[in-house]
There are 2 protein chains.
Amino acid sequence: MNHVKQTKRTTIYDLAALAGTSASAVSAVLNGNWKKRRISSQLAEKIMRIAEEQGYALNMQASLLRREKSHIIGMIVPKYDNRYFGSIVELFEDMARARGLFPIITCTRRDPELEVEAARTMLSYQVECLIATGATDPDRITEMCAAAGVRSLNLDLPGALAPSVISDNFAGARELTRRILKNSEQRLGKMEPLLFIGGRGSDHNTAERIRGFRAAHADLGVAVHEENILACGYAPEKAEKALDERALGANALPKGMFINSTISLEGVMRWIRRSGHLDDRSLVLGCFDWDPFVTLLGNGIEMVRQDVPGMLNKVFELIESGANKPIVIQVPPLIPEAQDA
Amino acid sequence: MNHVKQTKRTTIYDLAALAGTSASAVSAVLNGNWKKRRISSQLAEKIMRIAEEQGYALNMQASLLRREKSHIIGMIVPKYDNRYFGSIVELFEDMARARGLFPIITCTRRDPELEVEAARTMLSYQVECLIATGATDPDRITEMCAAAGVRSLNLDLPGALAPSVISDNFAGARELTRRILKNSEQRLGKMEPLLFIGGRGSDHNTAERIRGFRAAHADLGVAVHEENILACGYAPEKAEKALDERALGANALPKGMFINSTISLEGVMRWIRRSGHLDDRSLVLGCFDWDPFVTLLGNGIEMVRQDVPGMLNKVFELIESGANKPIVIQVPPLIPEAQDA
DNA sequence: CAAGCTTGCTCAATCGATGAAGCAAGAATT
DNA sequence: AATTCTTGCTTCATCGATTGAGCAAGCTTG
């Protein structure tokens, strides 16, 4: 062991000097292709022993500078505050490592400026591929990547310039809406139009879910009231405020609600609690998102769980196939067994 | 714009050729110290314009290889599946960027092998400092870092070899236990010893929380039954199973419970639901962790919320002060206003 | 035993950005 | 007019790992 307080890190040249050989041999041994380079196993063992003793760690910057491929794969993600993005990130890291890639992930807080900044930084780090998850402006990112000759993919929200993997929001929302309407009929004795709350009207997913929401109403012959579609944003406070405002309207608030994310559900639940509806079985809820505690809320809330493993499988398939055309792949979400009220 | 499908990325040499100048001048202009290097603002503007046009992106590997400091800061984190680690990661990224550092984060799933592997990789990327969050073997990581001349810090779980920033688990658990006991007295008419469930007996935090749990019982003159301390691991299934087993014991299950994390709470809630205690006010719960939905569960569950901003402030203070001694800094957790039952 | 082959290495160029040192041309000073 | 100073650049070595090319020694083969 080197007990000297070292200011410089050990390099292959240091190891070469210690082993009485050349840096070239050390490099070959340590990156595993010493058989190809016809290094004797004697020397290989000696070098590996010395490297171990010295606590040698590769300088990746130097290595990457020389090599053609970086094996770095980047992902930008809006938030870490819910199970959906959390599981995307966790599984993405896992799948990337399983393929010999080094994942770097950064959170951009749904801030378009930060997204661009993050993408630029990742390009500087020579990512081979960049996954834009739930990006506010995916096409901007695709353009930046294209300019640098780097592949990009969209996840969760689609873009027009790169392949996108998203949930089948329309079908998921239609089924969720159908279930809420059925529950509503069963519990309240009648089927009344629902409230849609949460998300941004400008984002593709919300638009598709609203389309599914309308379709399910139409399927069952129920008319949708426009004043009951509140794409007020995702934040809990926004949902809470939107409900307050809607409650002031001329018509009564619907008893059934389609909530566009667990984040918005948080605000809805706070509002319900505040307005004294908690534990009141007269409210029939459904959420396009999944969180284990929601099951436990006990209000018989229906959930749609996006198929994260399915989506990431598609993402890596696209990466491996080298596809670049701007197709949109829709992955059906999972709808767990209906909750009892 | 360069419309040719480029296989090579633009470098400062390309820009230099286009601008009719030297790579050195381009470098000076693009990294902002062209005034120091006495480049005319005319040339600077020209270079910046051309760089913009060409969509130039710095090759960080080359830049870092040359520079003395990498400005990369690494963090390893066990999971992304709860609010605590989610907010640590999100805020860490933010604070790192605010200080001009590039954060890289990786999730190690509480797997000691993966922790070591991740640390080695981060060292290869020349991190200047590595934060081991909730590591199973923090000292191993500190040793690896020390061998490479890299600073390391522990967060959430302490180590013996590097500075550690953790919650004041003892005080937090004592206060949480006190509150659960008080609630129990109020709701059930009597103060009975509680059940402790979740966490690993071998981890520092769980041990300290059990100590606080005992202290609060002692404060109020209540005896703790050993069979009611179930450090069964964090996973929901483990908590659920432990409760099943404990329920078979000779003595009745306590009505009051101290649950060591929201992850374990998930299992406890499932068990409660399964065994028919849901919405039963006879159970009095508290959780050493925070999640917005838990408030909404409506069982009047007390929570302890770890002070993530406070802890990360300490972390960056330590980094900036250059401290290296293995001290343990305890940050008092926040205990939100008591929930009504 | 000369020519060719194999084995086991070393040499040196290279990746792209950086910055100390140097140089030429003009401005200021003596 | 000769000297020094300033301005605005360029040249080149360098960071550490990688890899094609090359070379010397030993081994085969005809």
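Chain A is the first sequence line, chain B the second, and so forth, proteins listed ahead of strands; every chain is numbered from 1.
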Worksheet, complete the sentence: Out of D:dA17, C:dC9, D:dG8, minimum distance to the side chain of B:Ser40 belongs to D:dG8
Practice prompt. Ignoring backbone atoms, establish whether B:Ser22 has a side-chain N or O less than 4.0 Å from OP1 or OP2 of D:dT10.
Written response: yes
Discussion item. Tell me if the CD atom of A:Gln42 is crowded by more than 12 foreign heavy atoms within 6.0 Å.
Written reply: no
Worksheet, complete the sentence: Assert: residue with more 5' nearest nucleotide on DNA chain C, out of B:Ser27 and A:Ala23, is A:Ala23
Item to complete: Mind running salt bridge (charged side-chain N to carboxylate O under 4.0 Å, His left out) on A:Asp14 and A:Arg9 for me, showing each step along the way?
Response: CA-CA 9 Å; A:Asp14 303 328; A:Arg9 301 185 46 169; over 6 Å; no
Worksheet item: Side chain of A:Ser24, base of C:dC11: donor and acceptor closer than 3.5 Å?
Response: yes
Discussion item. By the 4.0 Å heavy-atom rule, please label A:Leu30 as base, sugar-phosphate, or nothing.
Written reply: nothing
Discussion item. So, OP1 or OP2 of C:dA17: does either fall under 4.0 Å of a side-chain N or O from B:Tyr56?
Written reply: yes
Worksheet item: For D:dT14, does OP1 or OP2 lie under 4.0 Å from any side-chain N or O of A:Tyr13?
Response: no
Practice prompt. State, yes or no, whether a side-chain contact exists between A:Tyr84 and A:Val89 at a heavy-atom distance under 4.5 Å.
Written response: no
Worksheet item: So does B:Asn33 get a side-chain nitrogen or oxygen closer than 4.0 Å to the phosphate oxygens (OP1/OP2) of C:dG19?
Response: yes
Fill in: Criterion side chain to side chain contact (heavy atoms under 4.5 Å, CB included) against A:Arg49, the qualifying member of A:Lys46, A:Glu45, A:Glu52
A:Lys46
Worksheet entry | side-chain N/O B:Thr11 vs C:dC15 OP1/OP2, d < 4.0 Å | no
Practice prompt. Take atom CZ of A:Arg38 and atom P of D:dG20, then tell me their distance rounded to the nearest Å.
Written response: 13 Å
Worksheet item: So what does B:Leu43 touch, heavy atoms closer than 4.0 Å: a base, only the sugar-phosphate, or nothing?
Response: sugar-phosphate
Discussion item. Under 3.5 Å, is there any donor-acceptor pair linking the side chain of B:Arg37 to the base of D:dG8?
Written reply: no
Discussion item. If you compare every side-chain N and O of B:Thr21 against the phosphate oxygens of D:dT10 (OP1, OP2), does one of them come in below 4.0 Å?
Written reply: yes
Worksheet item: Across the strands shown, which category fits A:Leu64 at heavy-atom distances under 4.0 angstrom: base, sugar-phosphate, nothing?
Response: nothing
